[in-house]
Chemist: 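Have a look at this one.
Heavy atoms only: backbone and side chains are in, while hydrogens, waters and symmetry mates are out. All chains are named by letter (A, B, ...) in the order of the sequence lines, taking the proteins before the strands, and each is independently numbered beginning at 1.
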2 protein chains.
Amino acid sequence: MALDSSTTAVSPSAASSTRLWDSAISDDVSFLLARANAVSMARTRQVLGPFGLKVRSYALLGIVAADTRPSQRELSEFLRLDPSQIVSLVDELQTRGLARREPDPRDRRANVVVATDAGVTLFAEAREQVLRAESAWLADLPREIRDRFGRALAQLATTEDDS
Amino acid sequence: MALDSSTTAVSPSAASSTRLWDSAISDDVSFLLARANAVSMARTRQVLGPFGLKVRSYALLGIVAADTRPSQRELSEFLRLDPSQIVSLVDELQTRGLARREPDPRDRRANVVVATDAGVTLFAEAREQVLRAESAWLADLPREIRDRFGRALAQLATTEDDS
DNA sequence: GCAAACACTTGAAAAAGTCAACTATTGAGC
DNA sequence: GCTCAATAGTTGACTTTTTCAAGTGTTTGC
């Protein structure tokens, strides 16, 4: 299923699969959330394409563009990525002149990752388009839901799992 | 990031990464949606574990348990999976006696996938637990949001992407 | 009747994720 | 102050997942 971000979302008006929306799982919040996420990923990916950014690079760039000066370890934990994946993402941004590593003065084992001016600028431009696409996507929700959807998601996103 | 279903979600109260929630991207609906989806996946996975089901098998079983008699092609399109992935999932359910293939009388190239009685029963039991976990997860949302969250997600999930 | 398209299947290839091991550094315990 | 376990970042091996190619048998459009 599109329970990941690797698939392009199309509407259930695609004739051959419309009828399967009548089955029970299409009432499951988990299914709907996965589906909505897939649509969101596809839309975001499309918007970021012209900036040469992928969703993960965009997210990492956004964090470091906020002058947070995170260590790679912090990025890894926050983004829920393996440290070796952070290495690759930072390498890529560094190669493009959008971010760089600096030695962390508090701990010689660590780097902090900082955005360059070019990185800050690119992020701002990309974010403008991302937010525009989001607004368009959310536009048809009832107003009182739309205004609180982000907050609801944030609350759900920060609920501990049942481990 | 947890922009996929492969990661266990933990709260931002995990001390070392709390401060990164202050960056811009944590306002992005796409980021929050991905995060909420990751939590949802983790919770669903945990609930389905004791039934020996994974999220995708559960979804597929749910569709065929609804007496929809879908072809594999229809399942592939609906769930946004490659046909070869449907083969594996159906194989697995078939091996466990939860579903089976039948020749499609309308088209000899095709099979329809049907749930067995055991499959229908297992799905019902699993679904009960999935819905219970969902209710618990959504419980702290404001009432007027909680009552309409699923519908909002369904609307978003069925919006065409900008392709 | 023929050729292109299609359903399912198998398996190869590519991509993504996970894990192991290394060097250098830090911090806890004595 | 010393020792050793833990840690940060890195590289690369290994595993898993996804994508793609190609095959057989069937259907459809001309």
Chemist: What does A:Ser84 touch in the nucleic acid at a heavy-atom separation under 4.0 angstrom: a base, only the sugar-phosphate, or nothing?
Modeler: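 A:Ser84: base contact, heavy atoms under 4.0 Å.
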Chemist: So that I can tick it off, tell me whether B:Arg148 and B:Glu144 are bridged by a salt bridge, with the cut-off set at under 4.0 angstrom between side-chain N and carboxylate O.
Modeler: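 No, B:Glu144 and B:Arg148 are not salt-bridged.
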Chemist: Roughly how far, to the nearest 0.5 Å, is the NZ atom of B:Lys54 from the CD atom of B:Glu92?
Modeler: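 If I round to the nearest 0.5 Å, the distance is 5.0 Å.
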Chemist: Can you tell me the distance, in whole Å, between the CD1 atom of B:Ile86 and the P atom of D:dT18?
Modeler: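 Nearest whole value for this atom pair: 12 Å.
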Chemist: Whole angstroms only, please: what is the CD-P distance between B:Glu77 and C:dC6?
Modeler: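 Distance, rounded to whole Å: 10 Å.
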Chemist: Whole Å only: how far is the CG atom of B:Asn111 from the P atom of D:dT27?
Modeler: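 After rounding, the gap between these two atoms is 13 Å.
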Chemist: Should the pair A:Phe78 and B:Trp21 be assigned to parallel (<30°), tilted (30 to 60°) or perpendicular (>60°) ring geometry?
Modeler: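 The rings of A:Phe78 and B:Trp21 stand perpendicular, inter-plane angle above 60°.
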Chemist: The side chain of A:Asp107 is closest to which nucleotide in this list: C:dA7, C:dT25, C:dT9?
Modeler: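 Looking only at heavy atoms from C-beta outward on A:Asp107, the closest nucleotide is C:dT25.
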Chemist: Using whole Å, report how far CZ of B:Arg80 lies from C1' of D:dT18.
Modeler: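 It works out to 17 Å between those atoms.
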Chemist: Need one value for B:Asp104: base, sugar-phosphate or nothing, where a base atom within 4.0 Å counts as base even if backbone is also close, heavy atoms only.
Modeler: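 Answer is nothing: B:Asp104 stays at 4.0 Å or more from every strand.
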Chemist: A:Arg101 near the nucleic acid: base, sugar-phosphate alone, or nothing, with a heavy-atom cut-off under 4.0 Å?
Modeler: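 Sugar-phosphate contact only.
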Chemist: When the distance from CZ of A:Phe78 to C1' of D:dA8 is rounded to whole Å, what number comes out?
Modeler: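 Computing the A:Phe78:CZ to D:dA8:C1' distance gives 20 Å.
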Chemist: Which comes earlier along DNA chain C counting from the 5' end, the contact point of A:Lys54 or that of A:Asp82, where each point is its nearest nucleotide?
Modeler: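 The residue whose closest nucleotide sits nearer the 5' end is A:Lys54.
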Chemist: Any salt bridge linking B:Glu134 with B:Arg43? Criterion: basic side-chain nitrogen under 4.0 Å from a carboxylate oxygen.
Modeler: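 No, this pair does not count.
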Chemist: Ignoring hydrogens and angles, does a donor from either the side chain of B:Arg109 or the base of C:dC6 sit under 3.5 Å from an acceptor on the other?
Modeler: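 Yes.
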Chemist: Using only side-chain N and O atoms of B:Gln85, determine if any of them is under 4.0 Å from OP1 or OP2 of D:dT18.
Modeler: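 Checking B:Gln85 against D:dT18: at least one side-chain N or O falls below 4.0 Å of OP1 or OP2.
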Chemist: What is the distance, rounded to the nearest whole Å, between atom CG of B:Leu81 and atom P of C:dT9?
Modeler: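 Taking CG of B:Leu81 and P of C:dT9, I get 15 Å after rounding.
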Chemist: Look at A:Asp28 together with B:Arg127 and state whether they make a salt bridge at an N to O cut-off of under 4.0 Å.
Modeler: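 So A:Asp28 pairs with B:Arg127 through a salt bridge.
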Chemist: Could you give the CD-to-P distance, from A:Glu102 to D:dG9, as a whole number of Å?
Modeler: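 Going from CD in A:Glu102 over to P in D:dG9 covers 14 Å.
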Chemist: Where each residue is assigned the nucleotide of DNA chain D containing its nearest heavy atom, which of A:Ala110 and A:Asp91 is assigned the position nearer the 5′ end?
Modeler: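 Result of the comparison: A:Ala110.
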Chemist: OP1 or OP2 of D:dT27 sitting under 4.0 Å from any side-chain N/O of B:Arg73?
Modeler: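 For D:dT27, OP1/OP2 do not have a side-chain N/O of B:Arg73 under 4.0 Å.
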Chemist: Just to confirm, is there a sub-4.0 Å distance from OP1 or OP2 of C:dA24 to any side-chain nitrogen or oxygen of A:Arg108?
Modeler: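 Result: no.
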